[in-house]
Every structure is written in C-alpha cells, then in structure tokens.
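Side-chain atoms are counted along with the backbone in the values below, which use heavy atoms only and exclude waters and symmetry mates. A note on names: the letters A, B, ... follow the listed sequences, proteins ahead of strands, and every chain is numbered from 1.
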Protein chains: 2
Amino acid sequence: MTATPTPRVTIKEVAARAGVSKGAVSLAFNQKPGLSEATRDRIFRAARELGWAPSPTARTLAGSRVDVVGLAICRPARLLGLEPFYMEFVSGVESVLTEHSCSLLLRLVRSLEEEVGLQESWWRGRQIGGSILVDFRADDPRVATVERLGMPVVAVGHPSLTGSLTSVWTEDATAVTEAVRYLAALGHRRIARVGGAATLGHTSMRTAAFDEAARALELAGAWQVATDYSGEAGARATRSLLTAAAPDRPTAIVYDNDIMAVAGLAVAAEMGLSVPDDVSLLAWDDSQLCRITHPPLSAMSHDVHGFGAEAARTLFGVITGEGPGSHPVPTPVLTPRGSTAPPKV
Amino acid sequence: MTATPTPRVTIKEVAARAGVSKGAVSLAFNQKPGLSEATRDRIFRAARELGWAPSPTARTLAGSRVDVVGLAICRPARLLGLEPFYMEFVSGVESVLTEHSCSLLLRLVRSLEEEVGLQESWWRGRQIGGSILVDFRADDPRVATVERLGMPVVAVGHPSLTGSLTSVWTEDATAVTEAVRYLAALGHRRIARVGGAATLGHTSMRTAAFDEAARALELAGAWQVATDYSGEAGARATRSLLTAAAPDRPTAIVYDNDIMAVAGLAVAAEMGLSVPDDVSLLAWDDSQLCRITHPPLSAMSHDVHGFGAEAARTLFGVITGEGPGSHPVPTPVLTPRGSTAPPKV
DNA sequence: AATAGGGACTTTACCGGTTCAGAAAGCGCT
DNA sequence: AGCGCTTTCTGAACCGGTAAAGTCCCTATT
C-alpha cells in the first residue's frame with residue numbers, strides 16, 4: 001500500500017517506443033498474423049529495452065485464458081506437514097506448469113464444503129484457468145459443481161468416483177491384490193491392512209480389494225483398520241494388531257502410506273518383535289523415507305512426481321478443449337526390501 | 001477455452017437490480033462512506049441474490065491491492081517432497097492467509113537466479129501483493145532486487161543475512177549452543193554435527209556456533225559435515241562418522257533436520273550400534289517423524305507451523321505499510337526423548 | 001482503367017471493477 | 001427567499017490489455 005512506488009511500464013510505452021499502436025504490440029506478443037517481421041522485431045526490441053511483459057491481470061480481464069491452476073487440499077494441516085505424498089505430487093505438478101509458465105494457486109482447506117466454495121469463487125472470479133481436484137470420495141459434490149460451472153478440471157481419482165470428469169488415477173485395487181498375493185506367496189496366512197481415511201474413495205476401494213483378495217486366497221486371518229494417515233494413528237493401529245498372542249496375530253501388515261509404515265516399524269521394535277522375522281511390513285507410496293529405515297521398508301512404490309506431472313498435463317488437455325478422458329497411470333509396483341520375508345513362526 | 005460457458009454476473013447486474021450505479025455498488029463493497037444504510041442494504045441484498053462477488057482481477061487492474069502472496073522455494077523437487085519442514089511452514093502461512101481471504105502462489109524454482117526473475121515478474125505483473133522469501137544465503141541478491149522494486153516482503157532468515165528487509169527468524173546459534181551444551185552435560189566429549197546445505201546462510205551460522213561451542217566446552221572431538229538435507233546424505237554422513245574405531249568416533253550426533261536423524265538412526269541400527277547407548281542422536285525441527293521412530297528421537301523442537309503463521313502475519317504488516325522490523329520467533333527448545341543419554345563407552 | 005484481394009496496421013469497443021469530480025436533494029439559518 | 005453545507009448518488013475516465021472491425025496502400029486480375 002504505502003510501499004515505495006514501482007515505475008510501471010505498460011503496453012503504451014512499448015508501442016510508443018516502437019512507433020506502433022497498442023494493438024500491434026498485442027498482436028506481436030500473441031504471435032498472431034498481420035505484422036511484418038521488421039515491425040515484430042522492433043516491437044520485441046522495444047519491449048526488451050523497457051523490460052516490459054504483458055500484465056497477466058489485464059490479459060485475464062480482457063478475456064484471454066488464465067495462467068494459474070488451482071489446487072485445494074483438504075486435510076488437517078498437522079497431517080499434511082508430514083505426508084511426503086503431497087509435496088511430491090505438487091512438485092510433479094509444478095514441473096509441468098513451469099513449462100507453460102503457469103503458476104499454482106495452493107490452498108489448504110478444512111472441509112469439502114469449503115473447497116467447493118473456494119473452487120467456485122476461484123473460477124467465477126477468473127482466478128484460475130482450471131483446477132486439480134484430489135481426495136475424491138463417494139458421491140463427491142465437486143463433480144456436480146464443476147459440471148454446472150463448466151470449469152476445466154482434472155480429477156485425481158478412480159473413474160468410478162469422478163463421474164464424467166477427466167480423471168488421472170492408479171489401479172489401487174490391483175495393487176492391493178498384488179500386495180496381498182505377494183505376502184501370501186511368502187507364506188503369510190494372517191495379514192492385516194492399516195488403511196487411510198475411511199471417507200476417501202480410494203480407501204474404500206482398497207478395502208474392498210483387500211477383502212476380496214483375502215477371500216480368494218482363503219487367508220486364515222485378515223484385519224483392516226482405518227486411520228487418519230498420521231504416524232500416531234499408524235502406531236496405534238500396529239500396536240493393537242500386534243498385542244494379540246502369537247498364534248492369533250497377523251504376521252504381515254500392509255500400510256496405506258509410508259509414514260504409518262515407519263511408525264509401525266518403530267512399534268514392532270518397541271514390542272521386541274523383529275522385522276521381518278516376526279512380522280513383515282509393507283509400505284505404500286514409497287518416498288525416500290522407506291529407504292532410510294532399518295530394515296528398509298518393502299513398498300508398493302509409485303512415481304508420485306510423475307503422477308502429479310501427468311495430472312497437470314491432463315489438465316492442460318482439458319483446458320485446451322480435449323474431450324473428457326480417463327488417464328490411468330502405472331499401477332504401484334512391489335519393491336521388496338528388507339521388511340518382508342516368509343514368516344518364521 | 002472450449003469449456004461450456006459460465007454465466008458471469010458482474011457489478012452492472014447488481015447495480016441494475018439494486019437500482020443504483022456501478023459506483024454505488026463499489027462504494028458499498030469497499031465500505032466507503034457516502035451511502036445511506038438503506039441503499040447499502042439494498043445493494044448487498046441484490047448481490048447476495050445474484051451470487052455476486054467482486055472480481056479480484058478487475059479490482060487489481062483498477063489499482064487496489066492484490067490478495068495473493070508469493071512463495072518460491074528453491075530446492076530440488078526430490079528433496080522437497082520429503083522435507084516435512086516446508087509443508088508445515090506452508091500450512092502455517094495458509095492458516096493466516098485464509099483469515100484475510102488471501103491465497104498463496106507457490107512455485108518451486110531450480111535456482112536463486114530463477115527466483116529473482118520470478119519475484120520480479122510476479123511483482124511487476126501485479127500477480128502478488130507481497131512475498132515470503134526463504135532460504136537466505138550470504139549476500140543474497142534478493143535483498144537488492146526487492147529494495148529496488150519497493151516490493152513488500154518478509155524475509156525468513158537471520159537479520160544479518162536479510163539486510164534492511166523485515167525479517168522473521170529463529171536464533172539458530174543459541175539453539176546449536178544449547179544442543180551441544182546438553183550433550184556435553186550428559187558427558188559427551190566427542191560430538192558431531194550433520195549440517196544442511198553449506199550455501200544456506202543459517203547453515204553457516206549454525207556451523208560457526210557449533211565450532212564456538214565446541215571450543216568453549218573444550219570437547220575432545222568435534223566434527224561437522226555438510227549435506228543436501230536428504231535422508232541419503234544423512235545416512236552417508238552418519239556411516240562415515242561412525243566407521244571410526246570406538247575410542248575415536250563421536251558418541252553423539254546432531255542433525256540439521258529430522259529426516260537425516262531418522263536415516264542416522266537406521267544406520268546406527270544397521271551397524272549394530274545401540275541408540276542411545278553407543279551413540280546419542282539429536283534431531284532438528286521435530287516433526288511428527290521424531291516421535292514415531294524407535295527409540296523416539298530427541299530433538300531441538302520448533303513450532304514450524306507457528307513460524308509460518310508469524311511470517312504471514314508479518315508480511316501483512318509490511319504490506320499495510322509498517323516500517324521494517326525484526327521479528328524473532330521462539331528459539332528451538334530441546335525436547336529430550338529416547339535417543340540421547342550419557343555415553344556408555 | 002476499374003475492381004477485387006491481401007497485407008500491415010490503426011481504431012475502437014470492451015473486460016469488470018475503482019475513483020473522483022460534480023449534480024441533486026434536503027436542511028438550517030439569516 | 002436566498003445561501004451555503006452536507007449527504008447521497010451518478011457519470012465518466014481509467015487500469016492494461018485483447019479482439020474485431022476499419023483504413024490505407026500495393027499488387028494482380030479482368
């Protein structure tokens with residue numbers, strides 16, 4: 001407000017210096033036809049000399065596209081800080097946005113309702129050109145809102161959750177099945193899964209897949225517990241799973257993220273259980289974290305950075321008018337490390 | 001682009017419905033004097049009925065302030081994904097921005113030069129009302145740029161690095177000294193520190209403070225190694241520190257973040273060393289991560305969320321014209337957990 | 001020679017607000 | 001009645017661009 005003034009150079013100065021009209025400058029900077037090479041050069045030179053670049057604000061107001069995309073993440077701040085997933089995802093998104101000189105408008109929200117309102121006001125206020133929607137749940141209200149607004153978005157979530165929206169997703173069910181089969185192949189008959197937030201769509205899909213796999217493999221024991229993704233919740237879940245007497249407790253646990261797996265590892269150690277001899281642990285998402293524990297965590301690993309990049313690319317597709325589509329991204333693959341082995345008991 | 005059209009309602013419709021001019025609507029929405037209560041009410045009612053809110057873009061263009069603040073983070077994406085620090089910091093920033101209905105424009109950059117260019121173009125393009133600058137180094141070029149532009153910013157870093165800019169910072173030197181004193185008080189005479197990126201200003205301040213403390217306490221051994229903050233680097237550093245034969249190796253290690261401390265813990269385990277009996281480990285920044293390991297990590301803990309919030313609050317102060325100032329934030333405090341104890345050797 | 005067709009620009013009308021110089025109305029006072 | 005003051009509200013200019021229509025000139029065609 002009171003900040004010392006900055007000399008603003010506008011399109012008018014550039015036009016004057018190049019000896020043309022504002023319109024000509026606009027044509028040049030939007031690479032539209034109708035200008036001679038010579039004039040074009042003169043304009044660019046003038047702009048360079050003045051250090052001018054078109055004002056995105058004015059451009060937006062005048063009706064051209066907006067070079068900002070929105071991302072609202074709805075999780076308690078406390079949890080977010082720790083989830084490597086989102087930062088990695090964001091960095092993947094950024095890597096693509098940058099190529100298009102596009103920025104990311106990030107907002108942490110506390111509820112889905114708040115997000116719906118935010119997306120709508122972002123869009124109606126022309127603050128963003130499109131949005132990346134994450135954390136879908138069943139009957140997600142964002143689907144209808146976005147359709148009503150005709151707002152370009154990419155939905156990060158399974159097509160069964162994202163309705164008509166263009167989606168980018170991983171085949172979680174397949175991955176869960178693979179995880180369970182792998183543990184069963186090692187000889188485990190009592191397997192548990194420490195899942196994420198129950199409200200989230202992909203959590204319930206994983207839950208269903210786990211049940212299905214357990215039945216198909218005729219496991220002797222199968223447990224599932226929902227958490228909020230935090231390390232504390234993971235620790236708590238692990239502790240309660242492992243307190244059962246030896247013959248009844250699970251010999252392998254699959255986690256829905258890596259933070260909880262790390263916590264689980266610590267709980268096993270604290271209970272005097274050896275990993276992987278007494279219990280095998282399998283993480284999800286596989287950030288760097290899985291490699292720095294002892295033993296290193298086996299994980300269903302997943303190129304989260306690439307996932308974010310693909311989401312951003314797809315969003316650009318939607319913005320430029322590509323029809324709706326479904327973009328599967330590679331299914332997480334099993335990366336065995338030191339935390340999984342045949343049960344010794 | 002080709003997205004189905006969204007019916008846009010503008011100030012004109014609101015004015016028409018309330019039976020006043022655009023100007024009146026503007027006055028009402030900016031709580032400026034010159035309107036009767038009755039008219040004001042009529043205008044707000046009309047706006048509510050039409051679901052209208054002023055367009056930030058148009059507002060910005062017309063010269064009022066911008067309700068977006070910028071944050072450019074310069075670290076390789078791979079590392080960012082894992083550093084709990086930034087996500088937590090961002091969530092603290094957001095918590096304050098939200099109260100002011102302000103958004104965060106986030107960008108990951110690859111170099112300081114890129115950041116300087118970005119900040120300048122953000123500011124000149126009126127994309128942001130101000131910026132939060134992080135990761136200061138000695139003779140940081142951003143100081144001069146920002147002064148030249150008269151751009152409101154808050155510098156997250158020690159005043160000795162941030163020149164005339166308003167800063168928010170923690171007294172790192174004091175914290176390092178406290179950490180070393182604590183370990184010395186436990187009886188450790190050979191202490192190492194696994195630091196962060198050497199180019200960063202706060203890293204060199206911590207390095208100097210460590211040297212100073214080691215000398216003052218006449219430690220028998222003091223090591224420091226610089227890393228890139230990654231878990232891998234932390235593991236490597238720890239491994240090389242601990243390979244020395246028993247009498248010569250450090251009995252305590254301080255880390256510059258918690259990721260490296262976790263990695264260090266794993267390395268100790270892998271080398272058959274017990275923590276804290278054979279070696280004590282002390283983490284920094286104390287995210288949730290420190291509590292979920294086994295043993296839980298002692299840490300110099302630090303309210304990173306609050307740090308971010310304070311930075312945002314201070315930025316608002318700068319934007320509204322408060323003079324330059326220096327805002328220290330509480331020094332990290334020692335939180336002893338299970339990873340530190342008197343040396344047994 | 002008259003006319004059509006382009007190319008190269010310029011003009012002008014917005015986009016959706018803010019702001020500021022008046023205008024109209026109401027009121028108290030001499 | 002006439003005058004000055006407020007209070008309340010309007011109209012027009014402006015912010016920095018874009019886009020569509022218009023102007024001018026030069027060449028090719030019939």
Do [X] side-chain atoms and [Y] backbone N/O form a donor-acceptor pair below 3.5 Å?
X	Y	value
Arg107(B)	Ala72(B)	no
Thr39(B)	Leu35(B)	no
Asp140(B)	Arg142(B)	yes

In whole angstrom, give the distance that lies between atom [atom1] of [X] and atom [atom2] of [N].
X	N	atom1	atom2	result
Ile11(B)	dC15(C)	CD1	P	13 Å
Lys32(B)	dC9(D)	NZ	P	17 Å
Leu61(B)	dA13(D)	CG	C1'	13 Å
Arg126(B)	dG17(C)	CZ	C1'	13 Å
Asn30(A)	dG17(D)	CG	C1'	9 Å
Ile43(B)	dG17(C)	CD1	P	13 Å

Centroid-centroid under 6.0 Å between Trp52(A) and Phe29(A) rings: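 Centroid distance Trp52(A)-Phe29(A): below 6.0 Å, so yes.
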Contact pattern, 5' to 3', of nucleotides 21-26 of chain C - B, S or - by protein heavy atom under 4.0 Å: ------
Bending between helix ends of the helix from dA1(C)-dT30(D) to dT30(C)-dA1(D) [5 pairs per end, 10° resolution]: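 Axis-to-axis angle, ends of the helix: 70°.
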Residues Thr10(A) and Glu13(A): side-chain donor-acceptor under 3.5 angstrom: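 Note: Thr10(A) and Glu13(A) side chains meet the donor-acceptor criterion.
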Aromatic ring pairing Phe316(B)/His100(B), orientation class (parallel under 30°, perpendicular over 60°, tilted between):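 It falls in the parallel class, under 30°.
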Plane angle bin for Phe85(A) and Phe89(A) - parallel if under 30°, tilted between 30 and 60°, otherwise perpendicular: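 Parallel, since the angle between the ring planes stays under 30°.
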Beyond-backbone contact of Val168(A) with Val329(A), side-chain heavy atoms, under 4.5 angstrom: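 They are in contact (side-chain heavy atoms under 4.5 Å apart), so the answer is yes.
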Side-chain N or O of Ser26(A) closer than 4.0 Å to phosphate OP1/OP2 of dT18(D):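 Yes, because at least one side-chain N or O of Ser26(A) sits under 4.0 Å from OP1 or OP2 of dT18(D).
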Phosphate-side-chain proximity, Trp52(B) and dG16(C), N/O vs OP1/OP2 below 4.0 Å: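 Trp52(B) to dG16(C) OP1/OP2: no side-chain N or O under 4.0 Å.
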Pairs involving residues 138-164 of chain B, ordered by first then second residue, that meet ring pair (Phe, Tyr, Trp, His ring centres under 6.0 Å) (sequence neighbours left out):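 Residue pairs passing ring pair (Phe, Tyr, Trp, His ring centres under 6.0 Å), neighbours aside: His158(B)-Trp169(B).
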Distances for protein N/O vs nucleotides 9-11 of chain C N/O pairs under 3.5 angstrom?
{"residue": "dC9(C)", "atom": "OP1", "partner": "Thr39(A)", "partner atom": "OG1", "Å": "2.7"}
{"residue": "dC9(C)", "atom": "OP2", "partner": "Ser36(A)", "partner atom": "N", "Å": "2.7"}
{"residue": "dC9(C)", "atom": "OP2", "partner": "Ser36(A)", "partner atom": "OG", "Å": "2.9"}
{"residue": "dC9(C)", "atom": "OP2", "partner": "Thr39(A)", "partner atom": "OG1", "Å": "2.8"}
{"residue": "dT10(C)", "atom": "OP2", "partner": "Ser21(A)", "partner atom": "N", "Å": "2.8"}
{"residue": "dT10(C)", "atom": "OP2", "partner": "Ser21(A)", "partner atom": "OG", "Å": "2.9"}

Side chain of Arg59(A) - closest among dG17(D), dG16(D), dT19(C):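 Of all the options, the side chain of Arg59(A) is nearest to dG17(D).
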Candidate nucleotides dT18(C), dG17(D), dG16(C), ranked by approach to the side chain of Ala58(A) - the nearest: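 It is dG17(D).
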Side chain to side chain contact (heavy atoms under 4.5 Å, CB included) partners of Ser111(A), counting only residues at least two apart: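 So Ser111(A) forms a side chain to side chain contact (heavy atoms under 4.5 Å, CB included) with Glu113(A), Glu114(A).
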Non-neighbouring partners of Glu120(A) that pass side chain to side chain contact (heavy atoms under 4.5 Å, CB included), sequence neighbours left out: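 Only Arg124(A), Thr145(A), Arg148(A), Leu149(A) meet the side chain to side chain contact (heavy atoms under 4.5 Å, CB included) criterion with Glu120(A).
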